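Taking it in order: structure first as structure tokens, then the write-up.
Everything numeric here is computed off the predicted structure, so don't read it as measured data. Within every chain, numbering begins at 1; the chains are lettered A, B, ... in the order of the sequence lines, protein sequences first and strands thereafter. Any value given below was found using the heavy atoms of this structure, including those in side chains, with hydrogens, waters and symmetry copies removed.
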Protein chains: 2
Amino acid sequence: MGTRVARGFGQYSGVARAVERVGERWALLIVRDLLAGARRYSDLKQSLPRIPTNILSDRLKELQEAGVVRRVPIVRGGYELTEAGLALAPAVLALERWGWSALGEPAEGEVVSADALAVSLHAAFRPDAAASLPPTEYVLHVAGTSLSAMVAGGGLDVVPIGPGALPQPHRRTATAAPADVLELVVEPGAFRDLLTDASAATSLRAAAADIGMTVLAGGPGLVDRFRRTFRIEPVAPDDAAGAAGEASVA
Amino acid sequence: MGTRVARGFGQYSGVARAVERVGERWALLIVRDLLAGARRYSDLKQSLPRIPTNILSDRLKELQEAGVVRRVPIVRGGYELTEAGLALAPAVLALERWGWSALGEPAEGEVVSADALAVSLHAAFRPDAAASLPPTEYVLHVAGTSLSAMVAGGGLDVVPIGPGALPQPHRRTATAAPADVLELVVEPGAFRDLLTDASAATSLRAAAADIGMTVLAGGPGLVDRFRRTFRIEPVAPDDAAGAAGEASVA
DNA sequence: CGGGATCCCAAGCGATACTG
DNA sequence: CAGTATCGCTTGGGATCCCG
């Protein structure tokens with residue numbers, strides 16, 4: 001049939017409703033990619049290489065029925081988030097932050113897409129830290145994909161670089177070119193270390209080459225600026241022998 | 001087999017990892033209930049009436065492997081969240097808030113559990129608003145379950161009422177009895193209206209009986225205080241004819 | 001009796017092939 | 001390019017059964 005009557009959980013609850021709408025396999029990854037901007041069917045298929053085409057088709061239909069996604073009027077095969085879909089941003093970014101704590105090294109065959117990277121940057125972005133820093137452009141090359149993150153005055157704007165399909169109405173308002181530009185080539189694992197603040201805190205620039213990162217452009221100190229602008233707090237590793245009394249939401 | 005090798009998405013990404021760990025059907029609802037406190041197998045089975053017992057068993061095993069859940073040392077059949085599991089709170093609460101916007105009326109046969117209710121209150125809680133209000137206890141009776149929410153100085157503590165299993169180490173520190181106590185009996189739909197701030201803003205107390213709510217105890221004004229303390233912003237309904245240019249995370 | 005494990009069937013998922 | 005159709009395989013659902 002394709003479109004399927006969502007199997008409920010029999011609960012009158014917020015998360016139950018949320019999971020009914022965006023909890024099917026692949027659905028939240030589609031939402032994540034659309035959070036980076038409107039995309040066409042083939043764009044999604046490319047940034048989600050392992051999704052079967054029928055599943056992508058089914059999910060897009062279901063997400064439309066759920067009021068999360070709608071078609072872009074003019075563009076053939078174009079999809080974008082509705083208001084309700086955009087409202088998922090806090091939840092998706094929270095999951096993104098949580099997922100980073102478990103992100104280990106990339107497994108065999110795992111890819112990094114530009115959209116995923118863009119959302120990671122949004123999840124890691126610290127507006128208040130950025131507000132007190134001079135405008136900066138960060139150009140990142142990670143695992144074959146490239147993007148540019150403009151940071152100015154507490155705001156963040158990420159756009160993919162390259163033969164970008166679907167010209168976005170990116171409101172990168174013609175601000176004067178930023179004084180500082182940092183351009184990095186990083187391997188996925190090194191990118192995680194960059195954001196996660198893990199081990200190499202101070203010796204990072206020195207050991208840059210060792211951990212899979214090379215600075216193409218940008219003076220010293222810009223890497224530190226990046227790390228103050230983008231950071232995800234790691235979660236304490238699971239303690240098998242934790243003391244008692246642990247419960248309840250913070 | 002039971003425990004299953006998690007099917008990956010082939011993505012090196014935070015949300016992909018998150019969904020691999022807690023994205024299976026029912027998993028996030030289990031986490032939600034455990035966010036309300038440690039629970040036993042039978043407690044979970046009761047608050048999730050429609051979960052097949054084998055699925056509950058499988059999920060608990062998987063969540064343990066994922067480092068999200070661990071067994072409670074002494075209690076037989078007791079489960080609780082690990083540090084990593086607790087770190088899911090922001091994501092679960094964000095999903096809870098989003099889900100409320102789509103929560104409509106309860107469908108036939110849908111239940112409301114005390115744990116779900118407790119998480120809803122946490123999701124709706126406004127610490128800054130609460131900080132400027134006098135300490136208050138809210139006793140809610142919704143669809144057969146009851147709970148007490150203590151609000152004092154920007155803090156919230158929710159405990160179920162009744163023959164509560166698994167005596168929680170609830171750090172409801174022996175604060176002096178709150179000056180004000182509001183006790184309500186609300187139907188599920190009315191509870192949603194209470195939180196969602198929807199239509200009946202001012203005429204709420206007058207129309208209390210009409211919308212399925214009765215005040216058992218508490219002076220006038222306490223309902224308004226409740227609504228200032230607990231509120232979830234609704235999401236604009238999906239506009240099928242929205243203008244162009246909508247994209248990117250906020 | 002609470003805490004699970006086993007079974008079977010239906011539904012969802014994945015891979016491939018195919019069409020407007 | 002943007003999907004639809006088909007076909008095995010895997011998972012979830014529901015009932016039953018087992019074990020301490």
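- At whole-Å resolution of the value, CG in A:Asp58 and P in D:dA5 are 11 Å apart.
- Here D:dG3 is the nucleotide among D:dG3, D:dG13, C:dG3 with the atom lying nearest to any side-chain atom of A:Arg71.
- Residues that satisfy the salt bridge (charged side-chain N to carboxylate O under 4.0 Å, His left out) test with B:Arg21, not counting sequence neighbours, are absent from this structure.
- Rounded to whole Å, atom P of D:dG3 lies 12 Å from atom CG of A:Asp43.
- Under the salt bridge (charged side-chain N to carboxylate O under 4.0 Å, His left out) criterion, B:Glu108 pairs with no residue, sequence neighbours left out.
- Helical stems in DNA chain C, defined as runs of 3 or more consecutive Watson-Crick or G-U wobble pairs with donor-acceptor distances under 3.5 Å: C:1-19 with D:2-20.
- Cation-pi check for B:Arg76 over B:Tyr41 is not met; the charged atom does not lie both under 6.0 angstrom from the ring centroid and within 45 degrees of its normal.
- Atom pair A:Leu56:CG and D:dA5:C1' shows a separation of 16 Å (rounding to whole Å applied).
- One atom, CG of A:Leu29, and another, P of C:dG14, lie 11 Å apart when rounded to the nearest Å.
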Contact letters for nucleotides 15-20 of chain C, in which S counts primed atoms plus P, OP1 and OP2 and B counts the base, heavy atoms under 4.0 Å: BBB--B
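- In this structure, the NZ atom of B:Lys45 is 10 Å from the P atom of C:dG3, given to the nearest Å.
- Rounded to whole angstrom, the span from the CZ atom of B:Phe9 across to the C1' atom of C:dC13 amounts to 11 Å.
- Of the possible polar contacts, none joining the B:Arg70 side chain to the B:Tyr79 backbone as a donor-acceptor pair under 3.5 Å is found.
- The distance between atom CD1 of B:Ile30 and atom P of C:dG4, rounded to the nearest whole Å, is 12 Å.
- A:Pro106 is linked by a side-chain contact (heavy atoms from CB on, under 4.5 Å) to A:Glu110, A:Pro188, B:Tyr12, counting only residues two or more places apart in sequence or in another chain.
- Every residue meeting the side-chain contact (heavy atoms from CB on, under 4.5 Å) condition with B:Ala124, not counting sequence neighbours, appears here in chain and number order: B:Leu195, B:Phe230, B:Ile232.
- When the side-chain nitrogen and oxygen atoms of B:Arg25 are compared with OP1 and OP2 of C:dG12, none of them lie within a distance under 4.0 Å.
- In this structure, A:Glu187 has no salt bridge (charged side-chain N to carboxylate O under 4.0 Å, His left out) partners at least two apart in sequence or on a different chain.
- For the pair A:Lys61 and D:dT4, the criterion of a side-chain N or O lying under 4.0 Å from OP1 or OP2 is met.
- Listed by chain and residue number, A:Arg126, A:Arg231 satisfy the side-chain contact (heavy atoms from CB on, under 4.5 Å) test with A:Glu233 (two or more places apart in sequence, or in another chain).
- Distances from the side chain of A:Ser42 to the nucleotides D:dC1, D:dT4, C:dG4 place D:dC1 closest.
- Residue A:Tyr41 places its side chain closer to D:dT4 than to any other of C:dC13, C:dG4, D:dT4.
- With sequence neighbours left out, the salt bridge (charged side-chain N to carboxylate O under 4.0 Å, His left out) criterion links B:Asp33 to no other residue.
- For the pair B:Leu60 CG and C:dA5 C1', the interatomic distance rounds to 14 Å; values are reported in whole Å.
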